[in-house]
Undergrad: 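There's a structure below that I have some questions on.
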Amino acid sequence: QVQLVESGGGLVQPGGSLRLSCAASGGTLNQYAVGWFRQASGKEREFVGANRRSDGNRSHYADSVKGRFTISRDNAKNTVYLEMNRLNPEDTALYYCAAGRPILSTVRSETAYSIWGQGTQVTVSS
């Protein structure tokens with residue numbers, strides 16, 4: 001069974017950048033679509049972005065992060081990254097990566113992903 005571990009979160013000033021990592025063990029992450037989700041305090045978990053193997057280099061992003069966040073894969077390291085730029089306080093949340101095999105219409109739905117990491121906290125504050 002694939003297990004996921006996120007890392008790279010922390011405290012960053014508005015306008016700054018962070019790169020989150022989602023490292024897999026127990027299986028090959030390249031066989032799965034990987035989604036990133038986040039949950040701010042007191043709010044529901046929301047979709048951030050996702051990459052499916054069938055989509056190649058084209059990833060899907062929430063409107064709120066499009067143009068600022070980028071998903072990439074390093075298959076040799078069995079890791080997926082979420083590069084986050086121009087961060088603002090509204091990006092503060094616990095960030096999760098998840099693996100699954102969603103179809104295109106469900107790529108933004110957390111129910112389409114069956115394997116989840118424990119999350120990494122991102123705090124954007126001056």
Side-chain angles (χ1 to χ4, degrees):
Q1 174 75 349
V2 173
Q3 294 183 317
L4 305 176
V5 177
E6 303 96 334
S7 61
L11 175 64
V12 62
Q13 292 187 342
S17 299
L18 280 176
R19 188 178 75 162
L20 305 184
S21 300
C22 175
S25 61
T28 304
L29 196 55
N30 193 38
Q31 297 180 350
Y32 296 86
V34 174
W36 287 93
F37 295 81
R38 67 186 182 185
Q39 187 168 21
S41 180
K43 296 186 177 181
E44 294 186 352
R45 189 156 55 187
E46 65 175 2
F47 172 78
V48 174
N51 174 264
R52 301 189 309 159
R53 291 182 62 224
S54 56
D55 295 333
N57 291 326
R58 188 177 75 88
S59 295
H60 309 267
Y61 298 99
D63 288 344
S64 59
V65 307
K66 196 173 295 182
R68 300 189 297 124
F69 290 12
T70 303
I71 295 172
S72 62
R73 292 180 181 256
D74 186 333
N75 294 329
K77 294 183 178 179
N78 212 18
T79 298
V80 173
Y81 302 100
L82 180 67
E83 184 77 34
M84 307 186 295
N85 299 309
R86 304 199 309 275
L87 287 161
N88 59 64
E90 289 71 37
D91 296 315
T92 295
L94 186 61
Y95 283 71
Y96 299 89
C97 67
R101 295 190 171 95
I103 57 176
L104 183 58
S105 61
T106 63
V107 71
R108 297 169 183 264
S109 173
E110 60 181 90
T111 59
Y113 300 85
S114 57
I115 304 168
W116 289 78
Q118 83 289 349
T120 186
Q121 178 67 37
V122 171
T123 302
V124 185
S125 175
S126 56

Undergrad: Can R38 be said to sit on top of Y96's aromatic six-ring, NZ or CZ under 6.0 Å from centre and within 45° of the ring axis?
TA: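 Here R38 fails the 6.0 Å and 45° test against Y96.
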
Undergrad: Any chance you could measure L20, atom CG, to C97, atom SG, to the nearest 0.5 Å?
TA: 9.0 Å

Undergrad: OG of S21 to CG of D74: how many Å apart, nearest 0.5 Å?
TA: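 S21 atom OG to D74 atom CG measures 9.5 Å (nearest 0.5 Å).
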
Undergrad: Does the side chain of R73 come within less than 4.5 Å of N30's, by heavy atoms?
TA: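 The answer is yes; the side chains approach within 4.5 Å.
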
Undergrad: Apply side-chain contact (heavy atoms from CB on, under 4.5 Å) to V5 and Q118, showing your working.
TA: CA-CA 7 Å; V5 177; Q118 83 289 349; 4.1 Å; yes

Undergrad: Of all the heavy-atom pairs spanning A40 and T92, show the shortest one and how long it is.
TA: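 Looking at all heavy atoms of both residues, the closest pair is CB-O, 3.6 Å.
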
Undergrad: Can you get from L4 to V122 by hopping between Ile, Leu, Val, Met, Phe, Trp and Tyr side chains that sit under 4.5 Å apart?
TA: yes

Undergrad: V48 vs Y61, test: side-chain contact (heavy atoms from CB on, under 4.5 Å). Steps then yes/no.
TA: CA-CA 6 Å; V48 174; Y61 298 99; 5.8 Å; no

Undergrad: Can T120 and S7 be said to form a side-chain contact (heavy atoms from CB on, under 4.5 Å), step by step?
TA: CA-CA 6 Å; T120 186; S7 61; 5.5 Å; no

Undergrad: Given side chains that start at C-beta, do those of W36 and V65 come closer than 4.5 Å, heavy atoms only?
TA: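 When only atoms from C-beta onward are counted, V65 and W36 do not touch, as no gap falls below 4.5 Å.
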
Undergrad: What is the minimum heavy-atom distance between R108 and H60, and which atoms define it?
TA: NH2-CB, 4.3 Å

Undergrad: Roughly how far apart are L94 CG and S41 OG, rounded to 0.5 Å?
TA: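 OG of S41 is found 10.5 Å from CG of L94.
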
Undergrad: For the residue pair I71 and G49, what are the closest heavy atoms and their distance?
TA: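 Minimum heavy-atom contact is CD1-C, 3.4 Å.
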
Undergrad: Do S109 and T111 pair up side chain to side chain, a donor and an acceptor below 3.5 Å, judged on atom types alone?
TA: yes

Undergrad: Decide if atom CD of E46 counts as having more than 12 heavy atoms of other residues, nucleotides or ligands within a radius under 6.0 Å.
TA: yes

Undergrad: Are R53 and Y32 in a cation-pi setup, meaning NZ or CZ lies under 6.0 angstrom from the ring centre and within 45 degrees of the ring axis?
TA: no

Undergrad: Please tell me whether V34 and I115 are part of a single hydrophobic cluster in this structure, the criterion being side-chain heavy atoms less than 4.5 Å apart.
TA: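 Linked within one cluster.
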
Undergrad: Between A99 and L29, what is the shortest heavy-atom contact and its length?
TA: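 Looking at all heavy atoms of both residues, the closest pair is CB-CD1, 4.2 Å.
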
Undergrad: Measure centre to centre between the rings of F37 and W116, then say whether the value is under 6.0 Å.
TA: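 They qualify: ring centres under 6.0 Å apart.
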
Undergrad: Can N85 and S17 be counted as having a side-chain donor-acceptor contact under 3.5 angstrom?
TA: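 S17 and N85 do have a side-chain donor-acceptor pair below 3.5 Å.
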
Undergrad: Checking the side chain of E6 only, and the main-chain atoms of G119 only, is there a donor and an acceptor separated by less than 3.5 Å?
TA: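 Checked: pair present.
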
Undergrad: Any non-hydrogen side-chain atom of R52 less than 4.5 Å from a side-chain atom of R58?
TA: no

Undergrad: Distance check, rounded to the nearest 0.5 Å: S126 atom OG versus Q13 atom CD?
TA: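 Output value for this atom pair is 7.0 Å.
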
Undergrad: Give the C-alpha distance, both sets of side-chain angles, the deciding distance and a yes or no for side-chain contact (heavy atoms from CB on, under 4.5 Å) between V12 and M84.
TA: CA-CA 11 Å; V12 62; M84 307 186 295; over 6 Å; no

Undergrad: Are the side chain of N75 and the backbone N or O of N78 linked by a donor-acceptor pair below 3.5 Å?
TA: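 It does not hold such a pair.
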
Undergrad: Please find the pair of heavy atoms, one from Y113 and one from G35, that lie closest to each other, and give the distance.
TA: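 In this case the closest contact between Y113 and G35 is CE2-N, 3.5 Å.
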
Undergrad: Which pair of non-hydrogen atoms, one from A24 and one from V2, has the smallest distance, and what is that distance?
TA: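 So the two residues come closest at CB-CG1, 4.1 Å.
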
Undergrad: Considering the options L18, L11, D91, which one meets the side-chain contact (heavy atoms from CB on, under 4.5 Å) requirement together with V124?
TA: D91

Undergrad: About how many Å separate CG of N88 and CZ of R68, when rounded to the nearest 0.5 Å?
TA: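 It is 5.0 Å, given to the nearest 0.5 Å.
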
